A.B. asks: 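Dropping the structure in here first, questions after.
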Amino acid sequence: RKEVEQDPGPFNVPEGATVAFNCTYSNSASQSFFWYRQDCRKEPKLLMSVYSSGNEDGRFTAQLNRASQYISLLIRDSKLSDSATYLCVVTPGANNDMRFGAGTRLTVKP
Amino acid sequence: EPEVTQTPSHQVTQMGQEVILRCVPISNHLYFYWYRQILGQKVEFLVSFYNNEISEKSEIFDDQFSVERPDGSNFTLKIRSTKLEDSAMYFCAGAYGGRLSETQYFGPGTRLLVL
């Protein structure tokens with residue numbers, strides 16, 4: 001089983017749509033969880049950390065289910081500028097070394 | 001806002017040659033990382049570095065790779081004898097602390113092509 005697994009997509013949605021991405025991780029001892037965003041040929045940029053209680057940042061909501069080893073990201077009212085690859089990231093243990101999923105590609109169309 | 005910088009942005013080299021990739025982290029970062037991303041694949045952890053020594057490395061980071069912070073500012077990744085499969089984007093990242101929730105800030109990357 002892959003350390004971090006994501007549906008690669010692509011997700012093609014119209015502006016204003018709500019879209020949800022899922023991610024599972026294999027190491028039950030994983031400590032921290034993040035969603036990063038990566039634009040084509042650019043570096044990953046932190047979108048948000050993910051907490052057990054769930055957290056929201058504007059149009060973005062992240063959820064963590066430790067029992068199921070499952071992370072989600074919900075984007076509401078999607079914008080053209082949301083088009084990117086969304087990377088699920090997990091820190092597997094004591095160090096802050098991050099493990100990335102392969103990413104889910106989102107294209108928001110007018 | 002301070003940024004992580006990396007040089008060169010692109011490098012083309014012949015198989016078997018040595019390359020050094022350079023990173024200038026944000027000034028008060030203490031923890032440093034190298035990641036790579038082969039075209040079309042996921043970002044992969046290579047190595048983490050703190051207090052002038054390696055704190056963790058992946059199975060990718062074999063004897064051909066080394067890191068150092070020679071002057072307290074630059075953070076370098078050296079590949080001693082490049083192979084075709086080393087062709088990838090190499091990202092440097094830094095963090096203020098090593099706590100698990102600490103945000104890592106990535107540089108723009110160096111695209112390495114080995115011919």
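Since the model is a prediction, treat every value here as computed from it, not as a measurement. Order of the sequence lines sets the chain letters (A, B, ...), proteins ahead of strands, with each chain counted from 1.
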A.B. asks: If you count every heavy atom of other residues, nucleotides or ligands that lies below 6.0 Å from B:E3 atom CD, does the total exceed 12?
C.D. replies: no

A.B. asks: Give me each pair satisfying disulfide (SG to SG under 2.5 Å) with a member in residues 6-89 of chain B, each pair once, sequence neighbours excluded.
C.D. replies: B:C23-B:C92

A.B. asks: Considering only heavy atoms, which portion of A:Y36 lies under 4.5 Å from any heavy atom of chain B: side chain, backbone, both, or neither?
C.D. replies: side chain

A.B. asks: What part of B:Y35 gets closer than 4.5 Å to chain A, counting heavy atoms only: side chain, backbone, both or neither?
C.D. replies: side chain

A.B. asks: Atom NZ of residue position B:K83 - does it have more than 12 heavy atoms of other residues, nucleotides or ligands inside 6.0 Å?
C.D. replies: yes

A.B. asks: Please confirm whether the ring centroid of A:F100 lies under 6.0 Å from the ring centroid of B:F45.
C.D. replies: no

A.B. asks: Please indicate whether B:D63 has more than 12 foreign heavy atoms, meaning atoms of other residues, nucleotides or ligands, lying under 6.0 Å from its CG.
C.D. replies: no

A.B. asks: Check each atom of B:F91 against the heavy atoms of chain A and say whether the ones under 4.5 Å are side chain, backbone, both or neither.
C.D. replies: side chain

A.B. asks: Do other residues, nucleotides or ligands put more than 12 heavy atoms under 6.0 Å from the CG atom of B:L39?
C.D. replies: no

A.B. asks: Counting heavy atoms not belonging to A:R105, are there more than 12 under 6.0 Å from its CZ?
C.D. replies: no

A.B. asks: Is there a path of hydrophobic side-chain contacts, each under 4.5 Å between heavy atoms, that joins A:F21 and A:L74?
C.D. replies: no

A.B. asks: Does A:V50 share a hydrophobic cluster with A:F34, counting links as ILVMFWY side-chain heavy atoms below 4.5 Å and allowing steps through other members?
C.D. replies: no

A.B. asks: Using a cut-off of under 4.5 Å on heavy-atom pairs, state which of B:G40, B:S58, B:A93, B:P108 scores highest against chain A.
C.D. replies: B:P108

A.B. asks: Distance from A:L46 atom CG to B:Y105 atom OH, nearest 0.5 Å?
C.D. replies: 7.5 Å

A.B. asks: Please classify the contact between B:E44 and chain A as side chain, backbone, both or neither, with a heavy-atom cut-off of under 4.5 Å.
C.D. replies: neither

A.B. asks: Answer with side chain, backbone, both or neither: which region of A:Q6 has an atom nearer than 4.5 Å to a non-hydrogen atom of chain B?
C.D. replies: neither

A.B. asks: About how many Å separate OG1 of A:T85 and NZ of B:K42, when rounded to the nearest 0.5 Å?
C.D. replies: 15.0 Å

A.B. asks: How far apart are the closest heavy atoms of A:R41 and B:M89, and which atoms are they?
C.D. replies: O-CE, 3.9 Å

A.B. asks: For residues A:E43 and B:Q6, is any side-chain donor paired with an opposing acceptor at under 3.5 Å?
C.D. replies: no

